[in-house]
Number of protein chains: 2
Amino acid sequence: MGTADRLVESTRELLWERGYTATSPRAIQERAGAGQGSMYHHFRGKPDLAAEAIRRTAAELRTAAEASLNGPGDAVERITAYLHRSRDVLKGCPIGRLAQDPGIVDDPVLREPLDTTFTWLRGRLAELLAEDVPAVDAGATAATIVATLQGGYVLARAAGSTEPFEQAVAGVLGLLSLATGKA
Amino acid sequence: MGTADRLVESTRELLWERGYTATSPRAIQERAGAGQGSMYHHFRGKPDLAAEAIRRTAAELRTAAEASLNGPGDAVERITAYLHRSRDVLKGCPIGRLAQDPGIVDDPVLREPLDTTFTWLRGRLAELLAEDVPAVDAGATAATIVATLQGGYVLARAAGSTEPFEQAVAGVLGLLSLATGKA
DNA sequence: GTCTATAATGAGATAGAC
DNA sequence: GTCTATCTCATTATAGAC
């Protein structure tokens, strides 16, 4: 892995752990084992490096989601697999957590991958629901599922425990099972 | 309003707008129209001031929630009123947004009001659901409702639009209406 | 109680040697 | 390509005058 790649990977980790505003170029350099000159040779500055890091993380998240959502089973089974996927709940969502950072939301270039990722995810879930669960509004229910996940992370971090996340996921799956009549 | 109160109010606003890490004592002082000496006379420092600000915001949020949840109607009607309450969606939840800030989550004193607030809210919603909606797991569904709200804020900020928030709320209410058989 | 120094530390980036 | 100064500004506080 070259220096530029190590810088991007370090940035990805730090954005997940601390967010954008609280991540300093200095910390990125230290974790990547690179000097300042090296960083400013490969990237124009912190925003440029962060943009590359966020795009890479967004692409990875989408690939991981597709694995569950294109898997075997009907809509509710695929969504269940997606929601039950192993996650580092107390670290939060590497994309969703950035939505609280003013430095991200106020910069169109940095916010764009977040918007694109969630718009795609809601659309894909809505497709699945429209096919198999006619009893519900597919678009609204898809938004609820993604929001449950993102809000579950928030509640877990506030509680210092994964329990609220697991409850929230169980709750939305319970409601979905009523909609399919397979309760 | 005395100087100490103005400092706390300024801190509350800035915590909501920027979070804890990105809020500087300097910014607090400027907004409150107070000097540095004044702030350090009334408070030991930024964490002390933030603790007071967060406790005050949490108390206010709880009072506002109780107004809807103790209002007229059955469980689903009260929850609907709570979810439809007017909110500044793109600013996010003044309590929930702090859960993404490492400076809050890593400090037990600053995290405690978040935990207490969400634990109370989930409990209160679960009480209402247990009375009127026997078809669902009250605790899990309560967690889903709170998570939908918190996740709805995240999606709205990522999108730069209130639309995903409104969809998520509509979705969870649609699912709840199935559970009561009043669809 | 409130004010104005003062100061140590880090952020974020540029310059120029190697 | 990478390194080590260097620079400017903000952060977070302390000290002491008023």
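Chain letters run A, B, ... following the sequence lines, proteins first and then strands; every chain starts at 1.
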For A:Glu30, is there an ion pair with A:Arg26 - N to carboxylate O distance below 4.0 angstrom? yes

Backbone N/O of B:Ala143 and side chain of B:Arg122: donor-acceptor pair under 3.5 Å: no

Does this structure show an ion pair linking A:Asp106 with B:Arg18, if we count only N-O contacts that are shorter than 4.0 Å? no

Respond yes when some side-chain nitrogen or oxygen of A:Thr3 is under 4.0 Å from OP1 or OP2 of D:dT2, and no when none is. yes

Hey, what are the protein-to-nucleotides 15-18 of chain D N/O distances that come in under 3.5 Å?
none

Check whether any side-chain heavy atom of A:Thr141 lies under 4.5 Å from a side-chain heavy atom of A:Leu176, and answer yes or no. yes

Nearest-angstrom distance from the residue atom CG of A:Leu14 to P of C:dA11: 11 Å

Rounded off to whole Å, could you give me the CZ-to-C1' distance for the B:Arg6 and C:dT2 pair? 11 Å

Rounded distance in Å - CZ (B:Arg26) to C1' (C:dA11): 15 Å

Less than 4.5 Å apart, side chain to side chain, heavy atoms only: is that true for A:Leu128 and A:Arg124? yes

Lys/Arg-Asp/Glu bridge criterion (N-O < 4.0 Å) met for A:Glu9, A:Arg56: yes

Counting the atoms with a prime plus P, OP1 and OP2 as sugar-phosphate, which does A:Thr23 contact under 4.0 Å by heavy atoms, base, sugar-phosphate, or nothing? sugar-phosphate

Expected list for residues 41-57 of chain A near DNA chain D, using heavy atoms below 4.0 Å, is A:His41, A:His42

Keeping the roles fixed (side chain from B:Arg12, backbone from B:Ile54), state whether a donor-acceptor pair exists under 3.5 Å. no

Between atom CD of A:Gln150 and atom CD of B:Gln150, what is the distance when rounded to the nearest 0.5 Å? 11.5 Å

Nearest-Å distance for atom pair CG/P, residues A:Leu7 and C:dA13: 14 Å

Report yes or no: is the cationic atom of B:Arg111 (NZ for Lys, CZ for Arg) closer than 6.0 Å to the six-membered ring centre of B:Phe118, at no more than 45° off its axis? no

Atom pair distance, as rounded to whole Å: CE in A:Met39 and P in D:dC3: 13 Å

Considering only side-chain heavy atoms of B:Tyr40, which listed nucleotide, D:dA13, C:dA11, D:dT2, is closest? D:dA13

On the nucleotide C:dA11, are OP1 or OP2 found under 4.0 Å from the side-chain N or O atoms that A:Ser24 carries? yes

